[in-house]
Amino acid sequence: MAKQNFTQTAYKNLSDFMYGKSLYPVELKNGMSIGGGTVYPEINFTLPTITAKHE
């Protein structure tokens, strides 16, 4: 994926910034929407087990 450079924010006015709300919310497979207006007190995203190589 190519690197993207941004020169301005997606919001034009400071009053458009709303905690928990995004212009482009992300919908997860489980139906949860990040940036959709609901603020979740804590989200625990855990990674799958990763085995380390010992040399």
Side-chain angles (χ1 to χ4, degrees):
M1 178 178 236
K3 180 181 174 185
Q4 291 182 313
N5 292 313
F6 300 95
T7 58
Q8 60 188 20
T9 64
Y11 298 94
K12 302 300 176 205
N13 299 311
L14 183 60
S15 61
D16 292 337
F17 281 89
M18 303 255 326
Y19 187 74
K21 187 102 170 107
S22 171
L23 289 176
Y24 309 105
V26 176
E27 180 96 12
L28 304 179
K29 290 179 184 178
N30 65 3
M32 182 182 282
S33 178
I34 306 296
T38 302
V39 177
Y40 301 100
E42 181 179 338
I43 299 174
N44 184 11
F45 290 107
T46 56
L47 295 173
T49 304
I50 299 172
T51 57
K53 286 185 178 181
H54 295 329
E55 295 183 36

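Please read these numbers as outputs of a predicted model, since none were measured by experiment.
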Can you list, pair by pair, the side-chain donor-acceptor contacts under 3.5 Å of residues 22-31, counting residues two or more places apart and other chains?
residue	atom	partner	partner atom	Å
Ser22	OG	Tyr24	N	3.0
Ser22	OG	Tyr24	O	3.4
Asn30	OD1	Met32	N	3.0

Please list every donor-acceptor pair under 3.5 Å in which a side-chain atom of residues 2-9 meets a protein atom from a residue at least two apart or in another chain.
residue	atom	partner	partner atom	Å
Thr9	OG1	Tyr11	O	2.7

Report the hydrophobic cluster partners of Val39, with the cluster defined as I, L, V, M, F, W, Y residues connected by side-chain heavy atoms closer than 4.5 angstrom, directly or transitively. Tyr19
